[in-house]
*Asks:* 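Would you mind keeping the following structure in view while I ask a few things?
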Amino acid sequence: QVQLVESGGGLAQAGGSLTLSCTSSRRTFSSYALGWFRQGPGKEREFVAGVTWSGADTYYADSVKGRFTISRDNNKNTAWLQMNSLKPEDTAVYYCVADLDEVITTSPFYWGQGTRVTVSS
């Protein structure tokens, strides 16, 4: 069982930045691919970003490419999502996810409780 705890959500202005964190107490944290999904108001849940178990490779949804950066530190059992140039359409609940695999699947097995991000125009 992997417990994921997100933090760092809040209110930001358009063009601003926020950094989300995801921590786990799991000792085998480095064995899991990690990622972020989000669900905006009235929208379906969607993939945002992913990072392989080693941290060597990252991948992004087209809507956030060039603005968001995912990273991880396996020694700290922590992953981050740096969000720059925020847009009102980035408003959503953001979920940290994990899979016991090299990359995040389309239906991740483990989910955090979510952290809310609101971007004002």
Side-chain angles (χ1 to χ4, degrees):
Q1 184 72 17
V2 176
Q3 289 186 322
L4 304 169
V5 179
E6 303 100 331
S7 61
L11 179 64
Q13 290 188 334
S17 299
L18 282 175
T19 301
L20 307 183
S21 299
C22 174
T23 60
S24 174
S25 59
R26 185 74 177 183
R27 293 173 59 185
T28 56
F29 182 80
S30 60
S31 300
Y32 293 80
L34 297 174
W36 293 88
F37 275 62
R38 68 185 181 185
Q39 186 166 19
K43 299 181 181 179
E44 293 187 353
R45 199 169 289 182
E46 62 177 357
F47 166 78
V48 175
V51 58
T52 54
W53 62 268
S54 67
D57 296 298
T58 58
Y59 39 103
Y60 301 90
D62 288 342
S63 59
V64 306
K65 200 172 294 182
R67 300 188 297 121
F68 290 10
T69 302
I70 188 172
S71 59
R72 68 188 294 168
D73 184 336
N74 290 335
N75 292 323
K76 297 181 179 180
N77 283 10
T78 302
W80 298 271
L81 183 68
Q82 174 68 44
M83 305 185 294
N84 297 328
S85 302
L86 285 163
K87 303 175 180 180
E89 51 263 44
D90 294 320
T91 295
V93 177
Y94 285 72
Y95 298 91
C96 180
V97 299
D99 271 318
L100 187 58
D101 206 335
E102 185 176 4
V103 297
I104 288 294
T105 67
T106 55
S107 297
F109 193 81
Y110 299 102
W111 292 74
Q113 83 286 355
T115 186
R116 186 174 300 277
V117 172
T118 302
V119 183
S120 62
S121 57

*Asks:* Do you know the tightest heavy-atom contact between S85 and S17?
*Replies:*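 Closest pair (atom of S85, atom of S17, distance): N-OG, 4.4 Å.
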*Asks:* Can a donor-acceptor pair be found, under 3.5 Å and without considering hydrogens, that links the side chain of N77 to the backbone of T23?
*Replies:*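 Not a single qualifying donor-acceptor pair exists.
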*Asks:* Going by side-chain heavy atoms closer than 4.5 Å, which hydrophobic residues are tied to V97, directly or by a chain of links?
*Replies:*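 Via sub-4.5 Å side-chain contacts, V97 links to F37, F47, Y59, V93, Y95, V103, I104, W111.
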*Asks:* With a 4.5 Å cut-off on side-chain heavy-atom distances among I, L, V, M, F, W and Y, is there a chain of contacts connecting V48 to L86?
*Replies:*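 Shared cluster, yes.
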*Asks:* Given the rule that I, L, V, M, F, W and Y join up when any side-chain heavy atoms are under 4.5 Å apart, are L100 and V2 in one cluster?
*Replies:*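 Linked, L100 and V2 end up in one cluster.
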*Asks:* Please tell me whether W36 and W80 are part of a single hydrophobic cluster in this structure, the criterion being side-chain heavy atoms less than 4.5 Å apart.
*Replies:*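 Different clusters.
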*Asks:* Please check if the side chain of T58 supplies one atom and the backbone of I70 the other of a donor-acceptor pair under 3.5 Å.
*Replies:*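 Judged by distance alone, no pair lies under 3.5 Å.
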*Asks:* Of all heavy-atom pairs between L34 and A79, which one has the smallest distance, and what is that distance?
*Replies:*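 Closest approach of L34 to A79: CD1-CB, 3.6 Å.
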*Asks:* Working to the nearest 0.5 angstrom, can you tell me the gap between S121 OG and Q13 CD?
*Replies:*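 Answer rounded to 0.5 Å: 9.5 Å.
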*Asks:* Are T105 and D99 close enough that a side-chain donor and a side-chain acceptor fall under 3.5 Å?
*Replies:*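 Their side chains do contain a donor-acceptor pair, which is all the 3.5 Å distance test asks for.
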*Asks:* What closest approach, in Å, do Y32 and R72 show between heavy atoms, and which atom pair accounts for it?
*Replies:*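 Looking at all heavy atoms of both residues, the shortest contact is O-NH1, 2.7 Å.
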*Asks:* Distance from L81 atom CG to R38 atom CZ, nearest 0.5 Å?
*Replies:*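 Here the rounded value is 9.5 Å.
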*Asks:* Going by atom types only, do Q82 and T19 share a side-chain donor-acceptor pair under 3.5 Å?
*Replies:*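 Yes.
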*Asks:* Would you verify whether the NZ or CZ of R67 falls within 45 degrees of the ring axis of Y60 while also being under 6.0 Å from that six-membered ring's centre?
*Replies:*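 Ring-cation test returns no.
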*Asks:* Shortest non-hydrogen contact from E89 to K43?
*Replies:*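 In terms of heavy atoms, the two residues are closest at O-NZ, 4.0 Å.
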*Asks:* Taking the side chain as C-beta and beyond, is there a heavy-atom pair between V117 and M83 under 4.5 Å?
*Replies:*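 Yes, their side chains come closer than 4.5 Å.
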*Asks:* Taking atom types as modelled and ignoring hydrogens, do the side chains of D73 and T78 form a donor-acceptor contact shorter than 3.5 angstrom?
*Replies:*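 Judged by distance alone, the side chains do not pair up.
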*Asks:* To the nearest 0.5 Å, what is the distance between CG (N74) and OG (S54)?
*Replies:*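 Going from CG on N74 over to OG on S54, the span is 8.0 Å.
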*Asks:* Is the number of heavy atoms from other residues, nucleotides or ligands under 6.0 Å of W53 CH2 greater than 12?
*Replies:*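 Result for CH2/W53: open.
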*Asks:* Roughly how far apart are S30 OG and N75 CG, rounded to 0.5 Å?
*Replies:*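 So the OG of S30 and the CG of N75 are separated by 9.0 Å.
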*Asks:* Between C96 and E6, what is the shortest heavy-atom contact and its length?
*Replies:*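 Scanning both residues completely, I find the closest heavy atoms to be N-OE2, 2.8 Å.
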*Asks:* Counting heavy atoms not belonging to Q113, are there more than 12 under 6.0 Å from its CD?
*Replies:*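 Atom CD in Q113 is packed in, count exceeds 12.
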*Asks:* Do K65 and D62 meet the salt-bridge criterion of a basic N to acidic O distance under 4.0 Å?
*Replies:*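 Looking at D62 and K65, the cut-off is met.
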*Asks:* Quick check: are there more than 12 heavy atoms from other residues, nucleotides or ligands sitting under 6.0 Å from CD of E102?
*Replies:*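 No - once you tally the heavy atoms of other residues, nucleotides and ligands closer than 6.0 Å, there are 12 at most.
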*Asks:* Check whether more than 12 heavy atoms from other residues, nucleotides or ligands sit under 6.0 Å from atom CD of Q3, and answer yes or no.
*Replies:*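 It does not: Q3 CD has 12 such atoms or fewer within range.
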*Asks:* For a quick test of reading the model, state the closest non-hydrogen atom pair linking G9 to L20 and the distance between them.
*Replies:*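 Of all heavy-atom pairs spanning G9 and L20, the closest is N-CD2, 3.6 Å.
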